[in-house]
Amino acid sequence: MEVEPTDNKLHPLFHKMNTCRRTAMHALTRRRIIWGVRIACAGMSCMSLLAVWPSDVPNRIQAETSWLYRHGIYNSGQSPTQFTVNTLDPLSSVKGPPTSSFRDNMRSDTKYVTSWGSGGWSNDVIGNMNLIYLGMITDRVPVVPVFLPSHAMMHSYGNDHSPLPFGDVFDLPRLRKAIKKPVLEWRDVKTSNSSAKMDEIGCWNVWESIQYFDPAPRQSFAPWFLKLDISYTKTPFWVKMKPNFEHDRFSSFWALAALAFPRGRNANLVPPLPTKSNVSLGPDEHMLCYDFLYYLAAHQSDEIEQDYSPAWREVGQHMHWTVRLERLANDYIRRTLHVRHHEPIPPFISIHVRHSDFKSWCEKDVPLEECYASLPVIQRRVHEVQDELKEKKGIVASHVIVTSDEKNGTFWRDVHEMGWFGVDHSRTKELYGQWYPILIDAVIQSKGAGFVGTDRSTVSMLSNRRVQSWQDGPVRTVKWGTRGADDH
Ligand SMILES: *[C@@H]1O[C@H](CO)[C@@H](O)[C@H](O)[C@H]1NC(C)=O
Ligand SMILES: *[C@@H]1O[C@H](CO)[C@@H](O)[C@H](O)[C@H]1NC(C)=O
Ligand SMILES: *[C@@H]1O[C@H](CO)[C@@H](O)[C@H](O)[C@H]1NC(C)=O
């Protein structure tokens, strides 16, 4: 039985909090990178603050008000960006080092595409894969935003909300080389520190067309961090793969790509929401932008799980970890398995057990012990993976490393009683920062000779794909929600 079959990847808590987020955005606008605030948002007070959001949209916008038209830069005969540039050198897709306004650094012969994250780290990783793939099919250079803690994560992040640059996690030179395309980060384009200019920009609002409970563009901390003041144009209803079906939110790559070209863009302009400084702008044609690209697929929802997924095949599988992160994770694996520094790491099975906030998906009459898959249920999957490894590749992977957000000591005692290993993160945040427990766990998962994950977790979903693509390893996903959910 599926607890919430139709919205299975983004956590419901996140959706609840999303309405609070815009309140938080206002509070945070004047703050710097250390966001020393905890946003406690009672449902009602947030809802009442929604009233602040502009509801009457001035009808004074013309398509041609975009900055490019005003400055005569944009040539409406769309021709593919000509890369006389070296795709491996990010500086060759911009004019030079980052500038205080991103406009000053964009090449007039190059078109760009960008988007913001707001769904938790793994979901933002998927959003970035989608962004880069969308760049490929629209002949635009993707400009990837920094990772920022999602609103839901802020509670656990204390005072450290440092942004995490994409290029600190993923090996960008390797990615560019593999896909033979330039990929930029926002830090290549704009200096986003206190001296930077607030840039006004028109973007497409996809979020409001794909779901029906939140009548606003998707809120994200990224524009605040990047000092962008956005005027949003709602995308047409048909970007949604299943219009009027509230239990699915996916839109298609090619529907959004159609809006990236002049004819599709101009035919679908509607009055935009003005920026905070009350300027209305149509979707920018030089730096094309969409509010949220997590729910994007070529053919079906949650497509990244599918073997044919173009975003995974063309982009995701080439997003390898940085060498530094890889080394760090190897140190953790050695310590976990008690392997000495110079000795090789034996093949192991990695497990990801997602608990904590997933409990809100458990039905009230199902006790937590029955809702979550028990360790013996997970063990059954581990055995399947071990058997398959032995049979197909002759690999004996007897070591098992468990990664989990579970804090309960009883759980970890039981893990150790199974003869499995847990990763000691007691000093990880202190030594490397708030992001590193999840980063290191993700790298460890991806290095398993085989992997066992948790159903409906995007963390597990990505690790599935990585172990398949990078280790050619068997994977299994444990179902949960009721006793016997994973029986098979
Ligand atoms: C902003 O960043 C740029 C480049 O990263 C740097 O040169 C400049 O000094 C910074 N300004 C402030 C106020 O930190
Ligand atoms: C925003 O601009 C519109 C059109 O110029 C004007 O009618 C409206 O009063 C402005 N709103 C605010 C809050 O300044
Ligand atoms: C830890 O888990 C055990 C077994 O599931 C449970 O009995 C106990 O109440 C939990 N402890 C806490 C502090 O949640």
Side-chain angles (χ1 to χ4, degrees), residues 64-117 128 131-147 163 165-168 170-204 222-231 260-262 265 275 277 279 281-290 315:
E64 284 70 23
T65 53
S66 98
W67 187 90
L68 289 166
Y69 275 110
R70 278 191 272 126
H71 291 76
I73 284 179
Y74 185 69
N75 159 13
S76 67
Q78 185 110 351
S79 60
T81 300
Q82 295 300 315
F83 294 113
T84 52
V85 299
N86 175 1
T87 55
L88 303 185
D89 176 10
L91 276 183
S92 73
S93 317
V94 282
K95 285 187 185 160
T99 45
S100 135
S101 163
F102 77 89
R103 305 265 178 216
D104 296 335
N105 205 11
M106 292 195 300
R107 289 170 60 124
S108 57
D109 62 353
T110 303
K111 296 192 186 74
Y112 306 83
V113 60
T114 193
S115 180
W116 332 120
N128 287 338
L131 166 64
I132 296 169
Y133 183 63
L134 192 58
M136 287 173 141
I137 64 172
T138 57
D139 256 312
R140 287 173 175 270
V141 177
V143 184
V144 185
V146 287
F147 295 113
F166 182 88
D168 287 6
F170 297 106
D171 186 338
L172 269 169
R174 186 171 175 182
L175 172 65
R176 293 183 186 112
K177 204 169 164 184
I179 69 176
K180 301 186 185 67
K181 297 274 184 199
V183 178
L184 292 174
E185 295 181 87
W186 266 95
R187 62 180 170 180
D188 299 321
V189 180
K190 173 170 179 168
T191 54
S192 298
N193 54 24
S194 58
S195 65
K197 183 182 178 302
M198 183 65 80
D199 286 304
E200 287 161 0
I201 183 170
C203 297
W204 288 107
W224 160 77
F225 177 76
L226 300 168
K227 298 214 168 55
L228 301 172
D229 194 6
I230 303 179
S231 173
F261 292 84
R265 173 194 182 275
T275 61
S277 54
V279 178
L281 298 171
D284 205 282
E285 303 198 71
H286 203 182
M287 178 69 83
L288 176 70
C289 42
Y290 301 90
V315 180

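Residue numbers run from 1 in the order of the sequence given. Heavy atoms only: backbone and side chains are in, while hydrogens, waters and symmetry mates are out.
The salt bridge (charged side-chain N to carboxylate O under 4.0 Å, His left out) check on D199 picks up K190, with sequence neighbours excluded. Residues meeting the salt bridge (charged side-chain N to carboxylate O under 4.0 Å, His left out) test with D168, sequence neighbours left out: R187. The side-chain contact (heavy atoms from CB on, under 4.5 Å) search around S100 returns T191, K197, not counting sequence neighbours. With sequence neighbours excluded, the residues forming a side-chain contact (heavy atoms from CB on, under 4.5 Å) with K95 are N105, R107, listed by chain and number. For W186, the side-chain hydrogen bond (donor to acceptor under 3.5 Å, both in side chains) partners are T114, not counting sequence neighbours.
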Residues F166, I132; criterion side-chain contact (heavy atoms from CB on, under 4.5 Å); working and verdict:
CA-CA 12 Å; F166 182 88; I132 296 169; 4.3 Å; yes
How far apart are the C-alpha atoms of F102 and L228, what are their side-chain angles, what is the distance that settles it, and do they pass the side-chain contact (heavy atoms from CB on, under 4.5 Å) test?
CA-CA 9 Å; F102 77 89; L228 301 172; 3.8 Å; yes
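Atom OG1 in T138 sits 13.5 Å away from atom OH in Y112 (nearest 0.5 Å). The CG atom of D188 lies 11.0 Å from the OG1 atom of T99; values are rounded to the nearest 0.5 Å. Taken to the nearest 0.5 Å, the OG atom of S108 stands 6.5 Å off from the NE2 atom of H286. Of the inter-residue distances, the one linking W116 atom CH2 with W224 atom CH2 reads 14.5 Å to the nearest 0.5 angstrom. Between K227 atom NZ and S195 atom OG the span is 7.5 Å, to the nearest 0.5 Å. To the nearest 0.5 angstrom, T275 atom OG1 is 11.5 Å from I201 atom CD1.
Side-chain atoms of L288 and W204, non-hydrogen and from C-beta on, do get closer than 4.5 Å to each other. P145 has its side chain within reach of N128: a pair of non-hydrogen atoms, C-beta onward, lies under 4.5 Å apart.
Using a 4.0 Å cut-off between charged side-chain N and carboxylate O, R103 and D284 make a salt bridge.
Closest approach of V113 and G135 over heavy atoms only: CG1-CA, 3.7 Å. Pairing each heavy atom of V146 with each of P165, the nearest pair is CG1-CA, 4.1 Å. Closest non-hydrogen pair, C289 versus G202, comes out as SG-O, 3.3 Å.
Between the R265 side chain and the E285 main chain, no donor and acceptor come within less than 3.5 Å of each other.
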